[in-house]
Structures are given as C-alpha cells and as structure tokens.
Amino acid sequence: MLVLGIETSCDETGVALYDTAAGLVAESLYSQVDMHAEFGGVVPELASRDHVRKILPLLSTLFEQAGRTPADLHGVAFTSGPGLIGALLVGAAVGRSLAYGLGVPAIGVHHMEAHLLAPLIGDVPPPLPFAALLVSGGHTQIMRVEDVGRYQLLGESLDDAAGEAFDKAAKMLGLGYPGGPAIAAAAERGDASRFRFPRPMTARPGLDMSFSGLKTHTLTTVREHEPLTAQEVADIARAFEEAVVDTLVLKCRRTVRETGLNSFVVAGGVAANRRLRTRLQEALPQVVYAQPSLCTDNGAMIAYAGALRLVAGQRESLAIRTRARWPMAELEAIG
Ligand code: KG4
Ligand code: ZN
C-alpha cells in the first residue's frame, strides 16, 4: 500500500511517500523558520499562508523524485491535530480532497502519535508495553504505550513544553529562532560550573513537570549580567540545557522505577538534542530514538502513522476535520 503523508501543523510543510512493503520511498520538507525568525517565533497566519503557497509545488517535487504519480496512491494521510488550526486546515483540505479525487481512503493523523511512532519507521519496535517520552515545541508528556494506538498519559508538563522553554530562553539570550538547536550549539562552548539552574518539580513525587520557572530564572540571570559576553551567553545556555535534560532524565528514570516499563521510546523535536540523547542512553535500560531528521516535524512520520491506521481499515469521513487540542488517550486503538 502506497500512502502519501502530509504535515502542516506548524511551521514545516512536510510530504512523504511510505510503502507498507518497501518502507519510506521519498520525502520532501520545506521549513518556514527563516520567515518566522524575523518575529522570534511562529506567526500562525503567516504559517497558514505559506503552507498554501508551498504544498502543491512540494507534492509535485515529491512525485517526481519518487518516479510515481498521484494515481499510484492507495491512501492519503494528513495531520489533523493538534496544532495551529489555520495551518492544519491547509494539509487537511489538500489531503482529503486529493484522496476524494483519486477515490482512495484518507486518514487524519494525530501529530504526537506520529512523533511517537517515528522511531519505529524501518526499525524493530521495543516489546509492548513500553514507555514514551514525547518532547516537542507544544508537548512534554510521558506515556504508557499498551499497544500502537492505546496510550495512557502518565505525566506531563503543567505549563510550558520543553521545546517552548528552549525557544523562549534562546530569545532572551539573543540566539534567535528556533531556540533548541541554537541553545544546544551555544551550550557546547559553555562552562557547566558557572551557573546552576533549578530542576523544577523534581523534589516532588509523580511524573508531572514544569518548565516555566526556568524561563523566569533565565530572565533574572540575563538581567543580572547584562550586557552579556559571548561566554556568558554560552554559560547560561549550558546551565539551561543541563536543567532541562536533568529534569527529563530524572522523570524517565522514575517512570522505569515506578511502572516497571524497561523500554523507552523518545520522540519529538527536543529528542534531536544530543546531550539529552547521551544522558538518557546512560540512565535508561533501553531507549529508542528516531533518526535526528525524523525527530522534528516531517511528512514521513505522518505517512507511516497513517499507513498503520489505513491498513487496519480506519477511514476518515468526507468532512475535513482539524483539532487544535486532541488528547492521545482519545485515539481509537489500531487493529
Ligand atoms: O516536534 P517539533 O519539530 O514540532 C512540534 O511538534 O512542536 O519540535 C520543535 C521543537 C522546538 O521547540 C525546537 O526548539 C525543539 O523542538 N528542538 C530542539 C532541538 N531541535 C529542535 N530542542 C533542543 N535541542 C535540539 N537539538
Ligand atoms: Zn511536532
């Protein structure tokens, strides 16, 4: 079954072809980061308008690269939530209409489920049940994965997502957008002993987290030392990254201890962070990641997650549906 995946939930237009027999056939991605960088973050209306401009040329390139045509498709998957509604509507409208025109089934995919399943593209899944850490710009969640499609939320950030905290801290340090890679690069040159940032909610029991206090702490530290030297920027970036990584590692270790789940899947944009990957690798019995290019938003993960649901016979109605919020526990089980 050849499935087209379309991702437009935020600031990346991603398209991909996934073949359930042959694996990932082709993918194409257009990132809007340069456009949003000027504003220090994603401007939703500009994001939607740019998806409208880019999506068909990107699809055309994708089919050309793969040597296939839309007539070869057996199904179309598109992100239907959670995300920016205007941005989601572009991919959903194009994807649903394309499937209707071709007379093939369509499926709306949950963006975070697609992140969660991305490490399994072309890889052997860990034995079920397993734990998952989902860390993106909009979500920071620890889940129990009973089966593909059956998820239980064990803990989450009560305020900012980890990626959002990276983005805000980077802005305060004048490092630009997106903040995660910028903080990680600056932190490489930082002295870990210069500043120590708090590890919020780690002293309390449970698996919930909080990252908004770190933002305040970053701002206070920046104010105290202004004007910052390049070394101070690097030292603060390092202290910030250490605090986020320590907090996530502690909560994951606690998950293993409290649930007995030994395998962890780690996914979402922040899972591309090298220090986080190294530290989790050391701390957890078994940890599986997507390759770094599949950690951040992309069409391949949507094609893959959609293909699993299409193969199981799930179908989208003709109504074009999008959702800004969509708890994963509400998803239908697969199979
Ligand atoms: O999953 P994603 O591409 O989009 C959402 O679904 O939100 O995640 C984007 C987030 C951004 O906040 C970005 O700063 C963060 O992931 N990110 C990173 C790194 N690469 C991306 N954070 C830390 N270190 C990185 N290397
Ligand atoms: Zn994402």
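Each ligand, and each atom within it, is numbered from 1 in the order the structure gives.
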What N/O/S atom of Asp297 is the closest to the Zn ion (ligand 2)? OD1
Backbone of Thr69 reached by a side-chain donor or acceptor of Asp72 within 3.5 Å: yes
Which atoms of ligand 1 have any heavy atom of Thr296 under 4.0 Å away? 3 (O), 21 (C)
Which residue supplies the protein heavy atom nearest to atom 11 (C) of ligand 1, what is that atom called, and how far is it? Asp167 OD2, 3.6 Å
Shortest heavy-atom approach to atom 9 (C) of ligand 1 - which of Ala272, Gly137, Ala169: Gly137
Can a non-hydrogen atom of Met112 be found less than 4.0 Å from any atom of ligand 1? no
Can you measure from CD (Glu113) to CZ (Arg309) and round to the nearest 0.5 angstrom? 4.0 Å
Answer yes or no: is there an ion pair linking Glu232 with Arg194, defined by an N-O contact shorter than 4.0 Å? yes
Number the atoms of ligand 1 from 1 as they appear, then name those within less than 4.0 Å of a heavy atom of Gly138, with their elements. 7 (O)
Who's the nearest protein heavy-atom neighbour of atom 24 (N) of ligand 1, and how far? Asn273 ND2, 3.0 Å
Looking only at the side chains, is there a donor atom on one of Glu241 and Asn273 sitting less than 3.5 Å from an acceptor on the other? yes
Identity and separation of the nearest protein heavy atom to atom 17 (N) of ligand 1: Gly269 O, 3.6 Å
Logged contact type for Arg274 with ligand 1, heavy-atom cut-off 4.0 Å, is neither
Using 2.8 Å as a strict upper limit, say whether an N, O or S atom of His111 approaches the Zn ion (ligand 2) that closely. yes
When you check the side-chain N and O atoms of Asp160 and Ser212, is any donor under 3.5 Å from an acceptor? no
Looking only at N/O atoms, are Gly180 and ligand 1 under 3.5 Å apart anywhere? yes
Identify the closest protein heavy atom to atom 6 (O) of ligand 1: which residue and atom is it, and at what distance? His111 NE2, 3.0 Å
Verify the ring-centre separation between Phe240 and Phe166: is it less than 6.0 angstrom? yes
Starting from atom 2 (P) of ligand 1, what is the nearest protein heavy atom, named by residue and atom, and what distance separates them? Asp297 OD1, 3.3 Å
Could you check, using the six-membered ring where one of them is a Trp, whether Phe195 and His225 have ring centers closer than 6.0 angstrom? yes
Contact atoms of ligand 1, heavy-atom distance to Gly163 under 4.0 Å: 12 (O)
Is the shortest side-chain N to carboxylate O distance from Asp50 to Arg53 below 4.0 Å? yes
side-chain contact (heavy atoms from CB on, under 4.5 Å), that's the test. Do Leu219 and Arg223 meet it? Break it down for me. CA-CA 6 Å; Leu219 189 61; Arg223 293 243 167 95; 3.9 Å; yes
Is there any N or O on Glu12 that sits under 3.5 Å from an N or O of ligand 1? no
So, for Asp297 and His115, which heavy atoms are closest and what is the spacing to 0.1 Å? OD1-NE2, 3.0 Å
